There are 2 protein chains.
Amino acid sequence: MEDRGTFDNLPHKTIARLSQYRRALLLCLSRGKSHIFSHEIASIQHITPVQVRRDLMLIGYSGTLRKGYNIKELINLIGNIIDSEEGIKVAIVGMGNLGRALINYFSGKRHKLSIIAGFDTNPDKIGNTMNGVPCYSATRMREIIEKEGIQIAIITVPAENASQTANELVAAGIKGLLNYTPKPIDVPEYVYLEEYDMITTLEKVAFYVKMKTLEEEDITTI
Amino acid sequence: MEDRGTFDNLPHKTIARLSQYRRALLLCLSRGKSHIFSHEIASIQHITPVQVRRDLMLIGYSGTLRKGYNIKELINLIGNIIDSEEGIKVAIVGMGNLGRALINYFSGKRHKLSIIAGFDTNPDKIGNTMNGVPCYSATRMREIIEKEGIQIAIITVPAENASQTANELVAAGIKGLLNYTPKPIDVPEYVYLEEYDMITTLEKVAFYVKMKTLEEEDITTI
DNA sequence: AAATAATTGTTAATAAAATAACATTGTTAT
DNA sequence: ATAACAATGTTATTTTATTAACAATTATTT
Ligand SMILES: NC(=O)c1ccc[n+]([C@@H]2O[C@H](COP(=O)([O-])OP(=O)(O)OC[C@H]3O[C@@H](n4cnc5c(N)ncnc54)[C@H](O)[C@@H]3O)[C@@H](O)[C@H]2O)c1
Ligand SMILES: NC(=O)c1ccc[n+]([C@@H]2O[C@H](COP(=O)([O-])OP(=O)(O)OC[C@H]3O[C@@H](n4cnc5c(N)ncnc54)[C@H](O)[C@@H]3O)[C@@H](O)[C@H]2O)c1
């Protein structure tokens, strides 16, 4: 029995934080830092030092008492947990404003995770390359996903094409989806799905801003 | 005593879901539907009907037993809760790829929440209009935020300028921030902050895809 | 050498969120 | 008229996530 398959009951929130810790650690490393304390990580991430230590405990990493955590080691360990050894290939469907912004942002940022294909229906875009990512015709989606062994797709097509695109991706054998359209999509249970809509986030911000404002008014009227 | 200020202890997750419910309800309404059942909302949002009913209970809305919830009424009620009566103005700082994608997407979508100004340092962009949103020089940020009463800002500048931009926005009196740069920013406690990084989401998807793959391998090797 | 301070690692307690259980109520079918 | 059904609304339970408490360790100061 190997020890892969450990880490399969880490809390979902811990997974997200590990990714954020690594982002912070990479930055610290690039600035020449070699060790870091839990309270330093915590303050970068706006969380508590206990939370950080608890997460690191869950992944079985120990720091040293007076120097804190070894940044390089911790980066590697987080990599062992969240990265896949062979690397995972990603496609992006819909090379419009958002698709291009995401490609630009993501390209080359992670060693074990790379966007290697884009798809679009617009003939003007097909054949172009964006930041090293070739844009193929959407009609070739299945062919290329199978040939390249692409496992994850990001959906950035117009909302009205979202569900059809999702169906085609699932049929092509995609294992994970990240849907940025405001149209929630349905996938079989064996496909892992994340959806994100900026409007939801913005409305949440607006709600809490409104709340704070009302609170202040209440205080001043008393 | 008015009944504003109720709803101030709704769970955070409920707030996010209310925004999503409304998005789904608006779509249903535009398709001519007048009533909807909890299990219909649930299935759109990939959650359980109980969750939906519980959220609606928390905001004090009642449906009718055989017809479900009145879509128009529910949209209005959600609006009363999460929107601010006078409307809230939003600015976007950094009119690059992502900034433009967000403006395009958001513009005109919500009545009580509108992006009314963009800021940039690039002289080629200053003076232009994007989807009705004027782009001002970043040097005028404070002036325009104060004059227009802008309460929320979205940060889409290059990461290295994130914290300085955030500081300027806070100094200008911003009450809520939505940070899309991968550089976590610090704000005083009276400013409500949300941060989002696509890489974290993508790495989460990748992790669960990896896990599912490992599980399958384990099953087939047994 | 002893006391102090700063930090980690872990268990215990609390809080937040989701789910389950179930009573209630109209509607439809018999 | 009554039984069966399909919904809602609410309370109870369970699960997940966060925070608190504190013991252990080691460097530093007195
Ligand atoms: N989640 C968010 O925060 C967020 C933010 C901005 C935009 N969006 C959404 O993302 C999507 C894209 O936005 P955008 O601004 O990039 O739009 P866009 O119109 O600029 O880009 C859409 C692209 O998809 C291509 N396309 C259309 N149908 C296709 C298909 N069937 N297969 C492949 N490609 C296809 C189009 O040719 C175009 O290039 C929209 O659904 C928008 O609502 C979401
Ligand atoms: N969270 C995410 O999912 C996500 C996705 C894509 C990009 N990003 C991030 O968003 C940011 C913007 O990305 P992009 O692709 O639009 O980059 P971009 O270079 O296209 O746009 C940045 C814009 O900001 C302007 N700018 C620079 N300094 C400024 C300042 N001090 N004040 C105002 N404007 C200023 C630039 O002139 C440019 O127009 C980057 O930090 C990037 O890392 C995040």
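Because the structure is a prediction, the values reported are computed rather than measured. Values reported hereafter were calculated over all heavy atoms of this structure, with side chains retained and with hydrogens, waters and symmetry mates removed. Letters A, B, ... are given to chains in the order of the sequence lines, protein chains preceding strands, and every chain is numbered from 1.
- Side-chain proximity of B/Pro11 to the nucleotides D/dA17, C/dA17, D/dT10 is greatest for C/dA17.
- In the model, A/Glu195 has no side-chain atom that pairs as donor or acceptor with a side-chain atom of A/Tyr180 under 3.5 Å.
- Distance, B/Tyr61 OH to D/dT8 C1': 12 Å, rounded to whole Å.
- Counted by atom type alone, A/Tyr105 and B/Asp197 present one or more donor-acceptor pairs between their side chains at under 3.5 Å.
- DNA chain D is contacted by B/Ser38, B/His39 of residues 38-49 of chain B, taking any non-hydrogen atom closer than 4.0 Å.
- Side-chain contact annotation: B/Thr201 with B/Glu203, donor-acceptor N/O pair under 3.5 Å absent.
- Checked against D/dT8, D/dA17, C/dT10, the side chain of B/Arg53 finds its nearest nucleotide in D/dT8.
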Inset, instruction - Assign a letter to each nucleotide of nucleotides 24-30 of chain D from its 5' end: B, base within under 4.0 Å of a protein heavy atom; S, sugar-phosphate only; -, no contact. - result: -BBS---

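- Between A/Tyr196 and B/Tyr196, a ring centre-to-centre spacing shorter than 6.0 Å is recorded.
- Set against D/dA17, D/dT19, C/dT7, the side chain of A/Phe37 has C/dT7 as its closest nucleotide.
- Listed nucleotides: C/dA17, D/dT10, C/dG9. Nearest to the side chain of B/Val50: D/dT10.
- For the pair B/Ile71 and B/Leu25, the tightest heavy-atom approach, listed with the atom from each and the gap, is CG2-O, 3.6 Å.
- Between the OH atom of B/Tyr69 and the C1' atom of D/dA6 there is a distance of 13 Å, rounded to whole Å.
- Between the side chain of B/Lys89 and the backbone N or O of B/Glu148, at least one donor-acceptor pair lies under 3.5 Å.
- Of the candidate nucleotides C/dT11, D/dA17, D/dG9, D/dA17 has the atom lying nearest to any side-chain atom of A/Lys13.
- Phosphate contact (OP1/OP2 of C/dG26, side-chain N/O of B/Thr64, threshold under 4.0 Å): absent.
- You'll find a donor-acceptor pair under 3.5 Å spanning the side chain of B/Arg54 and the base of C/dT19, going by distance alone.
- In this structure, B/Arg23 contributes its side chain and A/Pro182 its backbone to a donor-acceptor pair below 3.5 Å.
- The stretch residues 184-202 of chain B has no heavy atom under 4.0 Å from DNA chain D, so no residue of it qualifies as close.
- Inspection of the A/Tyr61 and A/Glu73 side chains reveals an N or O donor paired with an N or O acceptor under 3.5 Å.
- A straight line from CG of B/Asp55 to C1' of D/dG9 spans 13 Å, rounded to a whole angstrom.
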